[in-house]
S.K.: 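Pasting a structure here, questions to come.
Here, residue 1 is the first one in the sequence, and each next residue gets the next number.
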Amino acid sequence: MAVQLPSGVTLAATQRLIINVGAEVQSLDPHKSAGMSKANVIRDCLEGLVNFGIDGQVVPGVAQRWQASAD
């Protein structure tokens, strides 16, 4: 299980997440899609080099580490 539940809490047998994107996505290729609904689906399917944590700070995604260049 991905999380530890408080004592006495049980989950339903089937867990589902349903997201309404508003329109059918024609392509999952980031170069061939346009619009926020499509961008949101692509963002949910692909992981970037970095992501944003709960507090809005940049956290590692696929990248293990990074550094800023002096220039």
S.K.: Should Val21 and Ile42 be counted in the same cluster of Ile, Leu, Val, Met, Phe, Trp and Tyr side chains packed under 4.5 Å apart?
M.R.: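 Yes: a chain of side-chain contacts under 4.5 Å links Val21 to Ile42.
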
S.K.: Would you indicate whether Gln15, at its atom CD, is surrounded by more than 12 heavy atoms from other residues, nucleotides or ligands within a distance under 6.0 Å?
M.R.: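 Atom CD in Gln15 is crowded, with more than 12 foreign heavy atoms closer than 6.0 Å.
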
S.K.: To the nearest 0.5 Å, what is the distance between NZ (Lys38) and CZ (Arg43)?
M.R.: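 Rounded to the nearest 0.5 Å, the NZ-CZ separation comes to 14.5 Å.
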
S.K.: Which residue pairs pass the side chain to side chain donor-acceptor pair (under 3.5 Å) test when at least one of the two sits in residues 48-62, sequence neighbours left out?
M.R.: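 Sorted pair list: Glu47-Asn51.
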
S.K.: Below 4.5 Å, heavy atoms only, C-beta onward: do Leu49 and Trp66 meet side chain to side chain?
M.R.: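 Side chain of Leu49 against side chain of Trp66, heavy atoms only: no contact under 4.5 Å found.
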
S.K.: So, taking the atom named CD1 in Ile19 and the one named CG in Asn40, what distance separates them when rounded to the nearest 0.5 Å?
M.R.: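 Output value for this atom pair is 9.0 Å.
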
S.K.: Are the side chains of Val58 and Phe52 in contact, using a 4.5 Å heavy-atom criterion?
M.R.: yes

S.K.: Are Leu17 and Leu46 connected into the same hydrophobic cluster when the rule is that any two of I, L, V, M, F, W, Y join if their side-chain heavy atoms are below 4.5 Å apart?
M.R.: yes

S.K.: Do Ser27 and Asp29 have side-chain atoms, one donor and one acceptor, less than 3.5 Å apart?
M.R.: no

